[in-house]
Undergrad: 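Below are the structure tokens for one structure; questions will follow.
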Amino acid sequence: MEESSDRPGEKIVIRIKDWGSKEVTRGTTILEMLGDLHQKLKKEALAARLNGKIVDLNTPLLENASLEILTFDDPEGAEIYRHTASHVMAQAVKRLYGNVRLGIGPPISNGFYYDFDFTTPISPDDLEKIEEQVKQIIKEDIPLQRIEVSREEALKIFREKGENFKVELISDLPEGETISCYRQGDFIDLCVGPHLPSTGRLNFFKLLNLAGAYWRGNENKPMLQRIYGTAFPKQKMLEEYLHFLEEARKRDHRKLGKELDLFSFHEEGPGFPFYHPRGIIVRRELEKFWRDEHQKAGYLEVETPLILNRRLWEQSGHWEHYKENMYFTKIDGQDYAIKPMNCPGSMLIYKTGMRSYRDFPLRMAEMGLVHRHEKSGTLHGLMRVRSFTQDDAHIFMLPEQIESEVGGVMELVDHFYKVFGFSYHVELSTRPEKAMGSDEMWEKATSALQSVLDKRGIPYKINEGDGAFYGPKIDFHLQDSLGRTWQCGTIQLDFQMPEKFDLSYIGPDGQKHRPAMIHRVVYGAMERFFALLIEHYGGAFPLWLAPVQAIVIPITDRQRGYALEVNDLLRHEKVRVEMDDRSEKVGYKIREAQVQKVPYMLVIGDKEVEAHSVAVRHRERGDLGILSLNAFVEKIKEEINEKK
RNA sequence: GCUCACGUAGCUCAGUCGGCCAGAGCGUAUCCUUGGUAAGGAUAAGGUCACCGGUUCGAUUCCGGUCGUGAGCUCCA
């Protein structure tokens, strides 16, 4: 609408969000304009949105326009800030280790990274040195300059520098695309930008860790060294972030698992978890809840063997598609495999009799222990293991029941996660490269899942090519204490297994038909869900899950008799109770119970013996005063039942 | 699987630039203490310094390999 003209000295009008309009001379940069407008804003501004497009502050204003100033509080602002930080780090690395080639260096949530190809690998000790150099570059306050170049020029620049990764990136850019670079002093990087106007705009900077990363995420390509870091405009923000990381480490399920004596791992079985008495209590409670809810939701429970003949796995397609992840054994000279999935077993149960459309939907659930050979480097506490129990179910149904059944599972998942207070996000995964079945089948199955999500208005992300080999899936992801996400629930539509196993049902027409089927889990894997729960609650499980729900603490030996009576009564009422009658002071016993995150501590002195009562202390609410023994028993039983 | 780092008592961690009996705190055991809401005191036990080789007069320490663990990549519930 607004025609630009090339007459110099002409005035143009800029409408600035939250700051009204401003008249400037054509050609004034955004930064210059801000200087006239407001010093604080100029200081906080990182980039701007000019007529909807995010640009550098050095961008000259050439026509009437609308402008929005981006600060660190805007997600885009923070990204630009971190992106510049990554360039500065790369410059520092270049200065210190001249002979290093650059990979990529994007901002990520809470920070940034940059990938480098060093001639000799650096060690974590080098980070300090790099950090010092970064500080130096910030101090030098070097301006960042955007340069737009032709493809040939870009190739020339980076070829001359020996930056063959950058050359590869440029070569892969579509023809005709403007190629931009950012220069700061002697350092130049291929980058779309935008960036901060100068390195001095960065403030508090911290390099966090060093890791390996394949070039372009491809395991067949060279491995680079990735340096992770973060940057904030205020010291306090950086400190808060580092503090958050520290707190998150305290909630790490691997640490809490040890401290609370829940589970362990051993060299004798890497990736194979050992549940301790306290850990198995939590798991059994989760299972109990699961059985109750599944019974209500109309599921039938089954159990199938751990080891089954090779023939079955050939029939299911696992032999062909999943062999690398399976464990094998021989029985009487015949090949057997330890099940990596529960479905083939359920197929055999399905086939033990004639099925009628009247039986549908047939919801067959199984807490099935599966074993998978996961790559050693991927193991991670209970989150990623080699043997785990899936709260599996296979639903056999009429094709027209798919939508309502998928919807039903989604409701069940939502209900479960709400009970634990988890928030989650949903992803839809489509056909992988290595897949069974025709494109039409995949198309049909994928759009069925998509339509359920769309109809329910559930936001989801699409993961192209991430489906199971037998069908597309809807995944439910939860976050751990550090914000890393883990797939838990999943709903997988499968038109393959029914074919492979020649499943049938008798329809109303008296003829045989092929049933539709879904695989689904709600918790996902009990191990992973348990790990997430530990981190979610920081080890302080809600009463109904707590391994020890109450601890009886007699003050002296005199109260031991009555304390034992309290202990026995609670135990008979199925409360998980322990007694601490060691000759230690009350304070000591309380401290230990607090550290172990026991919900209720029952202190018993002479007064309580006399009154047949208990002095109740709650791990979070503190001293709750004296309750009669019976009143406490009722109270705790009620709270357990209500899953408070 | 790959890159880098790490592996010392049940746990958390010192330490040894190659050399006498390898240390601390917590925990455990025994004794003293019987103390009212987050650590009472004393004594003791506890280690093939992950494992296997090599270098060396001598290795927990240096080198190589194996196993395990961590961060991340790849892969996945």
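Below, read A as the first sequence line, B as the second, and so on, with proteins coming before strands; counting in each chain starts at 1.
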Undergrad: Does A:R484 have a side-chain nitrogen or oxygen under 4.0 Å from the phosphate oxygens OP1 or OP2 of B:rG72?
TA: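 Yes, because at least one side-chain N or O of A:R484 sits under 4.0 Å from OP1 or OP2 of B:rG72.
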Undergrad: Once the angle between the rings of A:Y327 and A:H371 is folded into 0 to 90°, is it parallel (under 30°), tilted (30 to 60°) or perpendicular (over 60°)?
TA: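 Judged by the thresholds at 30° and 60°, the geometry between A:Y327 and A:H371 is perpendicular.
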Undergrad: To the nearest Å, give me how far apart CG (A:L260) and P (B:rC11) are.
TA: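 Value for this atom pair: 16 Å.
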Undergrad: Just by protein heavy atoms under 4.0 Å, how would nucleotides 37-50 of chain B read 5' to 3' in B, S and -?
TA: BBBB----------
Undergrad: Below 4.0 angstrom from OP1 or OP2 of B:rA77, is there any side-chain N or O of A:K473?
TA: yes
Undergrad: Do A:R82 and A:E79 sit within salt-bridge range, that is, some charged N less than 4.0 Å from a carboxylate O?
TA: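 Judged by the 4.0 Å cut-off on N to carboxylate O distance, A:R82 and A:E79 do not form a salt bridge.
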Undergrad: Pairs under 3.5 angstrom only: tabulate donor-acceptor contacts from the side chains of residues 98-109 of chain A to other protein residues two or more places apart or in another chain.
TA:
residue	atom	partner	partner atom	Å
A:R101	NE	A:D117	OD2	3.4
A:R101	NH1	A:N164	OD1	2.8
A:R101	NH2	A:D117	OD2	2.4

Undergrad: Quick one: does A:Y214 reach the base of B:rG1 with a side-chain donor-acceptor pair under 3.5 Å?
TA: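 Counting by modelled atom types and ignoring angles, a donor-acceptor contact under 3.5 Å is found here.
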Undergrad: Among residues at least two apart in sequence or on other chains, which ones pass side chain to side chain contact (heavy atoms under 4.5 Å, CB included) with A:E320?
TA: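 Not a single residue meets the side chain to side chain contact (heavy atoms under 4.5 Å, CB included) criterion with A:E320.
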Undergrad: Between B:rA77 atom P and A:D480 atom CG, what is the distance in whole Å?
TA: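 The answer, rounded to whole Å, is 17 Å.
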Undergrad: State plainly whether the residues A:D252 and A:R249 are in salt-bridge range, i.e. N to O under 4.0 Å.
TA: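 The answer is no: the pair does not qualify as a salt bridge.
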Undergrad: Which is true for A:R582 with a 4.0 Å heavy-atom rule: it touches a base, it touches only sugar-phosphate, or it touches nothing?
TA: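 Touches sugar-phosphate only.
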Undergrad: With P as the reference atom in both, quote the distance from B:rG25 to B:rC62 in angstrom, rounded to an integer.
TA: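 Pairwise P distance, B:rG25 against B:rC62, rounds to 27 Å.
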Undergrad: Toss me the dot-bracket line for RNA chain B: Watson-Crick and G-U wobble, both under 3.5 Å, 5' to 3', using | for pairs to another strand and [ ] for crossers.
TA: (((((((..((((.....[...)))).(((((.......))))).....(((((..]....))))))))))))....
Undergrad: Rounding to an integer number of angstrom, what distance separates B:rG54 and B:rA42 when you compare their P atoms?
TA: 48 Å
Undergrad: Look at the aromatic rings of A:H318 and A:Y470 and report parallel, tilted or perpendicular, splitting at 30° and 60°.
TA: tilted
Undergrad: Please state whether the phosphate of B:rA71, meaning OP1 or OP2, lies under 4.0 angstrom from any side-chain nitrogen or oxygen of A:R254.
TA: yes
Undergrad: Can you tell me which residue among A:F529, A:Y537, A:F530 is in a ring-ring contact (aromatic ring centres under 6.0 Å, His included) with A:F420?
TA: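 That would be A:F529; it is the only one of A:F529, A:Y537, A:F530 passing the ring-ring contact (aromatic ring centres under 6.0 Å, His included) with A:F420.
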Undergrad: Counting only heavy atoms and a strict 4.0 angstrom limit, can you tell me which residues of residues 550-558 of chain A come near RNA chain B?
TA: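 The stretch gives A:I555, A:T556, A:D557, A:R558 as the residues lying under 4.0 Å from the strand, ordered by number.
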Undergrad: Pick the P atom in B:rG53 and in B:rU16, then give their distance to the nearest Å.
TA: 27 Å
Undergrad: Would you please classify the geometry between the A:H425 ring and the A:H477 ring as parallel, tilted or perpendicular, with 30° and 60° separating the classes?
TA: parallel
Undergrad: Before we go on, tell me: are the rings of A:F416 and A:Y523 under 6.0 Å apart, centre to centre?
TA: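 Here the rings of A:Y523 and A:F416 have centres that are less than 6.0 Å from each other.
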Undergrad: Roughly how many Å is it from OH in A:Y424 to P in B:rA77, rounded to a whole number?
TA: 19 Å
Undergrad: Closer to the 5' end of RNA chain B via nearest nucleotide, is it A:D606 or A:E259?
TA: A:E259
Undergrad: Measuring to OP1 and OP2 of B:rU12, would you say a side-chain N or O of A:K258 lies under 4.0 angstrom away?
TA: yes
Undergrad: A:Q596 CD to B:rG27 C1': how many Å, rounded?
TA: 12 Å
Undergrad: By a strict heavy-atom criterion of less than 4.0 Å, which residues belonging to residues 114-125 of chain A are in contact with RNA chain B?
TA: A:P121, A:P124
Undergrad: State which of B:rC11, B:rU3, B:rA71 makes the closest approach to the side chain of A:N209.
TA: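 Ranking B:rC11, B:rU3, B:rA71 by closest atom to the A:N209 side chain puts B:rA71 first.
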Undergrad: If we take the C1' atom in both B:rA77 and B:rU60, what is their distance in whole Å?
TA: 41 Å
Undergrad: When the C1' atoms of B:rG46 and B:rA9 are considered, how many whole Å apart are they?
TA: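 It comes out at 6 Å once rounded to the nearest Å.
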Undergrad: Quick one: list whatever passes salt bridge (charged side-chain N to carboxylate O under 4.0 Å, His left out) with A:D391, sequence neighbours left out.
TA: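 Salt bridge (charged side-chain N to carboxylate O under 4.0 Å, His left out) check on A:D391 returns nothing, list empty.
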Undergrad: Please state how far atom CD in A:E366 lies from atom C1' in B:rA77, giving the value in whole angstrom units.
TA: 15 Å
Undergrad: Report the distance from atom CD of A:E610 to atom P of B:rG36, rounded to the nearest whole Å.
TA: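 Computing the A:E610:CD to B:rG36:P distance gives 17 Å.
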Undergrad: With sequence neighbours left out, what residues match A:A85 under side chain to side chain contact (heavy atoms under 4.5 Å, CB included)?
TA: A:F112, A:L202, A:F205, A:A231
Undergrad: Work out how far the P atom of B:rU30 is from that of B:rU48, and round it to whole angstrom.
TA: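 Rounded to whole Å, the distance is 24 Å.
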Undergrad: Mind checking what makes salt bridge (charged side-chain N to carboxylate O under 4.0 Å, His left out) contact with A:K323, not counting sequence neighbours?
TA: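 Counting only residues at least two positions away or on another chain, A:K323 forms no salt bridge (charged side-chain N to carboxylate O under 4.0 Å, His left out).
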Undergrad: Any Lys/Arg nitrogen of A:E535 or A:R251 sitting under 4.0 Å from an Asp/Glu carboxylate oxygen of the other?
TA: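 A salt bridge is absent here (no side-chain N lies under 4.0 Å from a carboxylate O).
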Undergrad: A:V609: what forms a side chain to side chain contact (heavy atoms under 4.5 Å, CB included) with it, not counting sequence neighbours?
TA: A:Q559, A:Y562, A:I604
Undergrad: Give me the distance, rounded to whole Å, that separates B:rG47 from B:rA24 when you measure between the P atoms they each carry.
TA: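 So the two P atoms sit 14 Å from each other.
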Undergrad: Taking the six-membered ring for Trp, are A:Y424 and A:F422 closer than 6.0 Å centroid to centroid?
TA: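 Not close enough - the centres of the two rings lie 6.0 Å or further apart.
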Undergrad: Ring centres under 6.0 Å, that's the criterion: do A:Y97 and A:F118 meet it?
TA: yes
Undergrad: If I pick the C1' atom on B:rC20 and the same atom on B:rC67, what distance separates them, to the nearest angstrom?
TA: 33 Å
Undergrad: May I ask whether A:F388 stacks on the base of B:rA77, given the cut-offs of 5.5 Å between ring centres and 30° between planes?
TA: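 One would call A:F388 stacked on the B:rA77 base.
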Undergrad: Not counting sequence neighbours, which residues clear side chain to side chain contact (heavy atoms under 4.5 Å, CB included) with A:E287? List them please.
TA: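 Side chain to side chain contact (heavy atoms under 4.5 Å, CB included) check on A:E287 returns A:R283, A:R284, A:R291, A:M367, A:M526.
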Undergrad: Rounded to whole angstroms, how far apart are CZ on A:F265 and C1' on B:rC67?
TA: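 So the CZ-C1' distance, A:F265 to B:rC67, works out to 17 Å.
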Undergrad: Of the residues in residues 374-384 of chain A, which ones touch RNA chain B at a heavy-atom distance under 4.0 Å?
TA: A:E374, A:K375, A:S376, A:G377, A:T378, A:L379, A:H380, A:G381, A:M383, A:R384
Undergrad: Measure from the side chain of A:E219, starting at C-beta and using heavy atoms only, and say which of B:rA71, B:rU74, B:rU3 lies closest.
TA: B:rU74
Undergrad: Please state whether the rings of A:H618 and A:Y600 are parallel, tilted or perpendicular, taking 30° and 60° as the class boundaries.
TA: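 The arrangement is perpendicular - the two ring planes meet at more than 60°.
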Undergrad: For A:Y228, which contact category applies under a 4.0 Å heavy-atom criterion: base, sugar-phosphate, or nothing?
TA: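 A:Y228: backbone/sugar contact only, no base atoms under 4.0 Å.
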